[in-house]
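Position 1 is the first residue of the sequence, and the numbers go up from there. Any value given below was found using the heavy atoms of this structure, including those in side chains, with hydrogens, waters and symmetry copies removed.
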Amino acid sequence: QYQQALSACEAALSGDQNWGDTRPAKAWNQRSTALAGLKQYNDALASADRAITLEEDYSAAWNNRGVMLWHLGQLQQAQQQYEFAEINYEQALLSTRQAVKLDPRYAQGWYNHGRILSEYGQLLSLQRRDEDAAELYQAARKAYEQALTGDLTPNDRILKASIFANQAVVLWRLRDPQLLTEALVATQQAVQLNPQSFEAWHNQGLILLELKQYRGALNAYTQADALSPDNVGVITAKGIALSRLGRYQDALAIFEQALQLDPEYMIARREREIVLRNLIKMTQRMPS
């Protein structure tokens, strides 16, 4: 309820300035979060900056500042404005690094630091800067390890599940076969902590496909599909698992479903053609 949250923060900031046990920097920081929920990232960044101006050692505000810069970088990356995206990712990392410097056990700060490193690595991969990307993925891996040893409590199951899920995908992106088992274990821990985590089931399916464990991948993607219906990527991945299991008719139906959602989705189109060729071969081998 971001609009109501924003209204509450602004009411607090325009009040009698009697903050009692709290402080105005917290209101500015919460205002930043509310604005981010409304996708007003520039205003959210300005609000986080205001919180930091009031309290330079406020680790949560530094973390929020990094997240806003990260969102701005994502938008620029989507628009292929890679140079500007890279600048924002660098600034975002400086902010989250400051957050965990102020509070070395700040799990949320380490988690966001890892996510930004991973996203930045993807940006470099798009530019064929694979060695630089791998360096960032390794740094992200270490950030997630720090997050898991941070100030998590038994009530932080959802955050902990997200850390494991994101750690898994970074291990997968490192393209080291020896890390895939570790990545799979991370997704298993994620879904155990939060069975309703779409990202955990999705990432588990991704890794099981890589391991050629197609039945497990199909189950994981089926779980992800139930949590986020009409996701063309997940539906296509289900079809791929079915195809690799030799269930070509089922796979064909799934790819048709994906292409109804997005007729230009190239992976689904390519895999559909593979399935059709396999079905033709099967027909040719049948006795007359």
Q.
side-chain hydrogen bond (donor to acceptor under 3.5 Å, both in side chains), that's the test. Do W110 and Q108 meet it? Break it down for me.
A. CA-CA 6 Å; W110 281 113; Q108 181 75 55; over 6 Å; no
Check: [X] side chain, [Y] main-chain N or O, donor-acceptor pair, under 3.5 Å:
X    : Y    : answer
N63  : A99  : no
W62  : E56  : yes
N88  : L69  : no
N278 : I274 : yes
S243 : G239 : no
Q80  : Q76  : no
R269 : E264 : no
T53  : D49  : yes

Q | Mutual orientation of the aromatic rings belonging to Y221 and H202 [parallel < 30°, tilted 30-60°, perpendicular > 60°] | A |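 Perpendicular.
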Group every Ile, Leu, Val, Met, Phe, Trp and Tyr by side-chain heavy-atom contacts under 4.5 Å, then state whether [X] and [Y] land in the same group.
X    : Y    : value
L152 : L102 : no
Y214 : L218 : yes
L242 : L279 : yes
V67  : Y2   : no
I163 : L179 : yes

Taking side chain as C-beta onward, heavy atoms only, is [X] less than 4.5 Å from [Y]?
X    : Y    : value
N194 : R157 : no
R115 : Y144 : yes
S118 : N166 : no
Q77  : E86  : no
L148 : F164 : yes
V234 : S228 : no
Q223 : N219 : yes
L245 : D250 : no

[atom2] on [Y] to [atom1] on [X], rounded to 0.5 Å:
X    : Y    : atom1 : atom2 : answer
Q1   : Q3   : CD    : CD    : 11.5 Å
D132 : Q127 : CG    : CD    : 9.5 Å
L209 : W172 : CG    : CH2   : 10.0 Å
I52  : Q98  : CD1   : CD    : 8.5 Å
Y248 : R277 : OH    : CZ    : 11.5 Å
N64  : T96  : CG    : OG1   : 11.5 Å

Q. Excluding sequence neighbours, so at least two apart, what forms side-chain hydrogen bond (donor to acceptor under 3.5 Å, both in side chains) with T236?
A.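 Residues passing side-chain hydrogen bond (donor to acceptor under 3.5 Å, both in side chains) with T236: none at all.
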(Q) List the residues meeting side-chain hydrogen bond (donor to acceptor under 3.5 Å, both in side chains) with Q122, not counting sequence neighbours, and say none if there are none. (A)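 Checked Q122 against side-chain hydrogen bond (donor to acceptor under 3.5 Å, both in side chains); matches are R173.
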(Q) Could you check whether atom CZ of R175 has more than 12 heavy atoms from other residues, nucleotides or ligands sitting under 6.0 Å from it? (A) yes
Q: Count the heavy atoms belonging to other residues, nucleotides or ligands that lie under 6.0 Å from CD of Q178, then report whether that count exceeds 12.
A: no
Which atom names give the shortest non-hydrogen contact between [X] and [Y], and what distance separates them?
X    : Y    : value
R65  : Q91  : NH1-O, 4.2 Å
V100 : G109 : CG1-C, 3.6 Å
L184 : T187 : O-OG1, 2.7 Å
A85  : L123 : CB-CD2, 4.1 Å
A200 : A190 : CB-CB, 3.6 Å
Q257 : I235 : NE2-CD1, 3.6 Å

Q: Begin from the C-alpha positions of E210 and L206 and carry the test side chain to side chain contact (heavy atoms under 4.5 Å, CB included) through to its verdict.
A: CA-CA 6 Å; E210 189 84 13; L206 187 75; over 6 Å; no
(Q) Would Q79 and F84 count as a side chain to side chain contact (heavy atoms under 4.5 Å, CB included) here? Give the steps. (A) CA-CA 10 Å; Q79 296 163 358; F84 295 110; over 6 Å; no
Q: Please lay out, stage by stage, how R129 and E135 fare under the test salt bridge (charged side-chain N to carboxylate O under 4.0 Å, His left out).
A: CA-CA 10 Å; R129 295 164 59 184; E135 188 176 331; over 6 Å; no
Q: Compute whether any side-chain donor of one residue and acceptor of the other, for W28 and Q30, lie under 3.5 angstrom apart.
A: no
Q: Apply side chain to side chain contact (heavy atoms under 4.5 Å, CB included) to R244 and K212, showing your working.
A: CA-CA 8 Å; R244 302 301 185 268; K212 296 182 172 54; over 6 Å; no
Q: Could you give me the CA-CA distance, side-chain angles and deciding distance for T153 and D156, then say whether side-chain hydrogen bond (donor to acceptor under 3.5 Å, both in side chains) is met?
A: CA-CA 5 Å; T153 71; D156 292 323; 3.2 Å; yes
Q: Dump the intermediate steps for side chain to side chain contact (heavy atoms under 4.5 Å, CB included) on E55 and K26, then the final yes or no.
A: CA-CA 9 Å; E55 290 189 34; K26 185 173 184 180; over 6 Å; no
